[in-house]
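One is the number of the first residue; the rest follow in order along the sequence. Atoms within each ligand, like the ligands themselves, are counted from 1 in listed order.
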Amino acid sequence: MSFTAAVLTLYPEMFPGPLGTSLAGRALAEGKWALDAVQIRDFAADRHRSVDDTPAGGGAGMVMRADVLATALDATAARHPALPILAMTPRGAPLAQARVRRLADGPGALILCGRFEGIDQRLFDARAIEEVSIGDYILSGGEMAALTLLDACIRLLPGVMGAASSGDDESFETGLLEYPHYTRPTTWEGRTIPQVLRSGDHARIDAWRKAEAETITRLRRPDLWERHGGAPGRSPSGARHEDGTKS
Ligand code: SAM
């Protein structure tokens with residue numbers, strides 16, 4: 001069984017969207033993952049096929065109805081009983097690479113995309129739904145957030161990135177941000193690729209990359225650095241040798 005993305009949305013035409021191109025698109029065509037984009041409105045019971053209503057207690061905007069969403073969710077979950085149920089919401093747990101890895105290792109995800117002001121709280125109270133956020137900003141809907149989550153998962157599926165890269169060395173996988181990359185030309189606008197990377201000495205290159213990753217993480221993401229086990233005083237000195245390596 002391939003990784004399955006079942007997406008509940010008011011805009012199924014947004015899927016696969018960008019995931020229909022490049023690595024993810026090829027993987028979809030090859031059956032390495034499958035997509036089931038479900039129109040929530042198809043589960044509305046009334047003549048107007050309404051999926052939302054005004055907020056209880058007043059206020060701006062509209063709220064997605066629990067009854068319609070539950071019908072859509074239950075029908076979709078019945079077709080995909082193995083999938084964990086996620087909802088993209090700004091108040092959800094911030095998405096991180098560890099969660100992406102676990103999802104990619106599993107059967108897929110059933111993802112509920114919100115719109116308007118959000119979803120009637122009773123749906124979350126009545127169903128086991130994991131709320132996931134992709135960051136501290138507000139999108140107009142959960143679809144872009146779902147596409148982001150799915151892209152992060154799909155590239156990790158077996159055979160999608162190819163044998164050359166497992167993604168193991170990338171930012172967050174090691175608990176650190178990644179070291180800087182360079183490629184030809186050797187000199188560009190007077191800037192030269194650090195000598196160590198041209199030395200062919202793989203032990204020195206590995207040590208340089210590790211030191212760079214540690215310094216970048218310490219300076220840019222002290223929160224990650226601390227979680228990684230870095231402590232003030234224990235961090236790389238920042239002093240550089242001529243070839244760009246650190247003390
Ligand atoms: N009223 C909500 C609030 O203040 O938290 C924002 C609703 S937003 C306009 C509409 C939908 O977009 C949400 O229900 C959610 O599905 C999605 N969304 C917006 N920002 C998101 C984020 N940072 N992460 C995940 N989903 C998000």
Engineer: Salt bridge or not for K210 and E214, using N-O below 4.0 Å?
Structural biologist: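 Judged by the 4.0 Å cut-off on N to carboxylate O distance, K210 and E214 do form a salt bridge.
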Engineer: Check E30 with K32, please: is the shortest side-chain N to carboxylate O separation under 4.0 Å?
Structural biologist: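 Yes, this pair counts.
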Engineer: Just jot down the ligand 1 atoms closer than 4.0 angstrom to any heavy atom of G118, in number order.
Structural biologist: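 Going through ligand 1 atom by atom, the ones under 4.0 Å from G118 are 14 (O).
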Engineer: Which ligand 1 atoms are under 4.0 Å away from a heavy-atom of S133?
Structural biologist: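 Matching atoms, with element in brackets: 23 (N), 24 (N), 25 (C).
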Engineer: Nearest to atom 14 (O) of ligand 1, what protein heavy atom do you find, and at what distance?
Structural biologist: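 Of the protein heavy atoms, G114 CA, 3.5 Å lies nearest.
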Engineer: Provide, to 0.1 Å, the distance between atom 16 (O) of ligand 1 and the closest protein heavy atom, together with that atom's residue and name.
Structural biologist: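 Protein heavy atom at minimum distance: M88 O, 2.6 Å.
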Engineer: For ligand 1, which atoms, with element, lie under 4.0 Å from some heavy atom of V132?
Structural biologist: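 Matching atoms, with element in brackets: 25 (C).
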Engineer: Give the residue and atom name of whichever protein heavy atom lies nearest to atom 20 (N) of ligand 1, and the separation in Å to one decimal.
Structural biologist: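 Answer, as residue, atom name and distance: L139 N, 3.0 Å.
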Engineer: What part of A87, side chain from CB on, backbone N/CA/C/O, both or neither, has a heavy atom under 4.0 Å from ligand 1?
Structural biologist: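 Contact part for A87 vs ligand 1: neither.
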Engineer: Which heavy atom in C113 sits nearest to a heavy atom in I40, and how many Å separate them?
Structural biologist: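 Closest pair (atom of C113, atom of I40, distance): O-CD1, 4.2 Å.
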Engineer: Going by distance only, is there an N or O of C113 that falls short of 3.5 Å from an N or O of ligand 1?
Structural biologist: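 No, C113 has no N/O under 3.5 Å of an N/O on ligand 1.
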Engineer: Any N or O on G135 sitting closer than 3.5 Å to an N or O of ligand 1?
Structural biologist: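 Checking ligand 1 against G135, an N or O pair does fall under 3.5 Å apart.
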Engineer: Does only the side chain of A145 get under 4.0 Å from ligand 1, or the backbone, or both, or neither? Count heavy atoms.
Structural biologist: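 The answer is the side chain.
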Engineer: Can you tell me if I119 has a non-hydrogen atom under 4.0 Å from ligand 1?
Structural biologist: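 No; I119 lies far enough from ligand 1 that no heavy-atom distance drops under 4.0 Å.
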Engineer: Run the salt-bridge test on E178 and R209 with the 4.0 Å N-O cut-off and return the result as yes or no.
Structural biologist: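 Result for this pair is no, no salt bridge flagged.
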Engineer: Salt bridge between R155 and D151, side-chain N to carboxylate O under 4.0 Å?
Structural biologist: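 Salt bridge between R155 and D151, a charged N being under 4.0 Å from a carboxylate O: no.
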Engineer: Is it true that R127 and D74 make a salt bridge, defined as a side-chain N closer than 4.0 Å to a carboxylate O?
Structural biologist: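 Yes.
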Engineer: Relative to the heavy atoms of E117, which atoms of ligand 1 are at a distance of less than 4.0 Å?
Structural biologist: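 Those atoms are 1 (N), 2 (C), 7 (C).
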Engineer: R91 near ligand 1, heavy-atom distance under 4.0 Å?
Structural biologist: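 Distance cut 4.0 Å: R91 fails for ligand 1.
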Engineer: Where do F124 and R91 come nearest, in terms of heavy atoms and distance?
Structural biologist: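 The pair with the smallest heavy-atom distance is CD1-NH2, 3.3 Å.
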Engineer: Using a strict cut-off of less than 4.0 Å between a Lys/Arg side-chain nitrogen and an Asp/Glu carboxylate oxygen, indicate whether D52 and R115 qualify as a salt bridge.
Structural biologist: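 No, D52 and R115 are not salt-bridged.
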Engineer: Would you say T89 and E131 are linked by a side-chain donor-acceptor pair, where the criterion is simply a distance under 3.5 Å?
Structural biologist: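 Result is yes, a qualifying pair exists.
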Engineer: Among protein heavy atoms, which sits nearest to atom 4 (O) of ligand 1, and what does the distance come to when rounded to 0.1 Å?
Structural biologist: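 Atom 4 (O) of ligand 1 sits closest to the protein heavy atom I138 CD1, 4.2 Å.
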Engineer: Please state which protein non-hydrogen atom is closest to atom 10 (C) of ligand 1 and give its distance, to 0.1 Å?
Structural biologist: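 The closest heavy atom on the protein side is F116 O, 3.3 Å.
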Engineer: Should we say atom CE of M144 is surrounded by more than 12 heavy atoms from elsewhere, each under 6.0 Å from it?
Structural biologist: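 No, because the 6.0 Å sphere around CE of M144 holds 12 heavy atoms or fewer from other groups.
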Engineer: Considering non-hydrogen atoms of the protein only, which is the closest contact for atom 21 (C) of ligand 1, and what is the distance?
Structural biologist: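 Looking only at protein heavy atoms, the one closest to atom 21 (C) of ligand 1 is P90 CG, 3.7 Å.
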Engineer: Does ligand 1 come near enough to I134 that some N or O of the ligand is less than 3.5 Å from an N or O of the residue?
Structural biologist: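 For ligand 1, there is an N or O atom that lies under 3.5 Å from one belonging to I134.
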Engineer: What part of T89, side chain, backbone, both or neither, has a heavy atom within less than 4.0 angstrom of ligand 1?
Structural biologist: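 The backbone, only.
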Engineer: Taking all non-hydrogen atoms of both residues into account, name the closest pair between A82 and P107 and its distance.
Structural biologist: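 It is O-CG, 3.5 Å.
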